[in-house]
Amino acid sequence: MGLNSRQWLMKLFVVATLFQVSFGSSRLFQVSLATRKLSELVQDQTQLLKYHNGPLLSGKITINLIWYGNFKPSQKAIVSDFISSLSSSSPSNTPQPSVAAWWKTTEKYYHLTSNKKSSNSLSLSLGRQILDQGYSLGKSLTTKQIVALAAKGDQKNAINVVLTSADVAVDGFCMNRCGTHGSASASSKTRHIKGAKNFKFAFIWVGNSETQCPGQCAWPFHQPIYGPQSPPLVAPNNDVGLDGMVINLASLLAGTATNPFGNGYFQGPAEAPLEASSACPGVYGKGAYPGYAGDLLQDPTTGASYNANGANGRKYLLPALYNPATSSCFTLV
């Protein structure tokens, strides 16, 4: 494939490019960096993601949202409704295909592992929402500061998600990643909790790319920065930045559940692994190919493209998940 045809596949997907971040002689946290160029990814549908004998997230886990910067109430609702939609106990009147049905694919990873550190189930629920509208750490953040923000959430039985607004720059954002997931050592305050000694908590960061790099981190709701400029899809919640954030958050949640500490399920070398969602880049529906998201559902009123229904009448576009039982990418439509 020539350089020009490869470059137009540039949308930055949330891919686990795992590396260790050290300060002095002490390793403080581990991060899965999003993203790599789609043109750098290699899909091997015949190979299962390998299990590396580490624990998966299991039991009852709350997802805490740390909102950093300026977000409208309507934008917060898009994400919080998505989190609420993940649970299988979400309202039974939610039309199919649903967000909960999409998430159910992750259960197959739990069925395959016999590691006693992981139970056979994971139950997610929306936890606390922490607001930092005053930009307490400024508008240009390092990875270390992202971890500090994530530590503001509950650190036991939780995933802490840091969401940065469109006017916040983060190291590597738009250059080689749209978000991250990883783990960090519990704070000294949390270590005093019974049973909380020497444990790590999982965290995620996702940035709003609307004004900085929507062609990289909000595709297919924005034209890609390279290649044929076909019309972008209409975002299901009428917010290119937030609908793009949901795509990246969904991918990182799947990676966090199945590879929370860098020794769960992933494919390829440890320094650049593919995870449950990033193993299926750019696939949202059947018939997908590079530059085409697939055959999706369309709202007859708004013309928006989607593949999953959620809480409160929401519609979302969610990435394909690698199904370890079939060695293939699973899509809802």
Side-chain angles (χ1 to χ4, degrees), residues 11-23 27-38 40-41 54 57 61 63-69 79 82-83 130 132 137 139-153 155 158-166 168-185 200-209 212-213 216-218 241-242 244-266 268-279 281 319:
K11 176 206 182 298
L12 298 180
F13 293 94
V14 274
V15 168
T17 303
L18 198 66
F19 75 108
Q20 304 295 336
V21 181
S22 301
F23 296 92
R27 190 179 74 193
L28 296 183
F29 56 90
Q30 171 177 285
V31 177
S32 288
L33 275 182
T35 60
R36 286 163 56 195
K37 298 176 184 178
L38 175 57
E40 296 173 358
L41 303 179
L57 288 188
I61 301 293
I63 299 177
N64 302 306
L65 304 178
I66 297 98
W67 300 95
Y68 189 85
V79 176
F82 167 67
I83 299 300
I130 301 170
D132 191 337
L137 299 178
K139 291 188 176 183
S140 181
L141 304 178
T142 64
T143 300
K144 185 177 180 181
Q145 289 174 315
I146 291 293
V147 176
L149 289 171
K152 292 185 176 183
Q155 295 178 15
I159 302 171
N160 293 334
V161 179
V162 178
L163 302 153
T164 51
S165 59
V168 175
V170 178
D171 281 354
F173 187 39
C174 296
M175 292 185 289
N176 57 18
R177 58 181 181 171
C178 304
T180 63
H181 89 78
S183 60
S185 298
K200 294 181 177 181
F201 70 93
F203 70 88
I204 292 172
W205 158 70
V206 179
N208 185 346
S209 66
Q212 298 184 53
C213 55
Q216 296 169 310
C217 295
L242 267 291
M245 290 182 81
V246 168
I247 290 175
N248 295 323
L249 174 57
S251 180
L252 289 167
L253 277 172
T256 299
T258 57
N259 188 32
F261 308 114
N263 54 6
Y265 282 97
F266 62 87
E271 64 272 14
L274 301 182
E275 298 176 317
S277 176
S278 56

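Quick caveat: nothing in here was measured; it's all calculated off a predicted structure.
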Name all residues meeting the side-chain contact (heavy atoms from CB on, under 4.5 Å) criterion together with Ile130; count only those two or more places apart in sequence or in a different chain, and write none if there are none. Ile66, Arg128, Lys152
Strictly under 2.5 Å separating the two SG atoms? Check that for Cys174 and Cys213, please. yes
Using side chain to side chain donor-acceptor pair (under 3.5 Å) as the criterion, list what pairs up with Asn160, not counting sequence neighbours. Asn64
Distance in Å, [X] [atom1] paired with [Y] [atom2], rounded so as to fall on 0.5 Å steps:
X      : Y      : atom1 : atom2 : value
Thr256 : Glu275 : OG1   : CD    : 7.5 Å
Asn248 : Leu253 : CG    : CG    : 11.0 Å
Phe82  : Leu65  : CZ    : CG    : 10.5 Å
Leu57  : Phe201 : CG    : CZ    : 12.5 Å
Gln145 : Asp171 : CD    : CG    : 8.0 Å

[Y] side chain reached by [X] side chain, heavy atoms, under 4.5 Å:
X      : Y      : answer
Leu252 : Val206 : yes
Val79  : Leu242 : yes
Leu141 : Val162 : no
Val147 : Phe203 : yes

Closest approach of Gln216 and Cys178, non-hydrogen atoms and distance? O-SG, 4.2 Å
I need the minimum non-hydrogen distance between Pro260 and Ala257, along with the two atoms involved. CD-O, 3.8 Å
Expected output: side-chain [X] to main-chain [Y] donor-acceptor under 3.5 Å:
X      : Y      : answer
Asn208 : Ser165 : no
Ser278 : Leu274 : no
Tyr68  : Val168 : no

What residues, two or more places apart in sequence or in another chain, satisfy ring-ring contact (aromatic ring centres under 6.0 Å, His included) together with Phe173? Trp205
So Leu249 and Ile83, side chain to side chain contact (heavy atoms under 4.5 Å, CB included) or not? Walk me through it. CA-CA 10 Å; Leu249 174 57; Ile83 299 300; 4.2 Å; yes
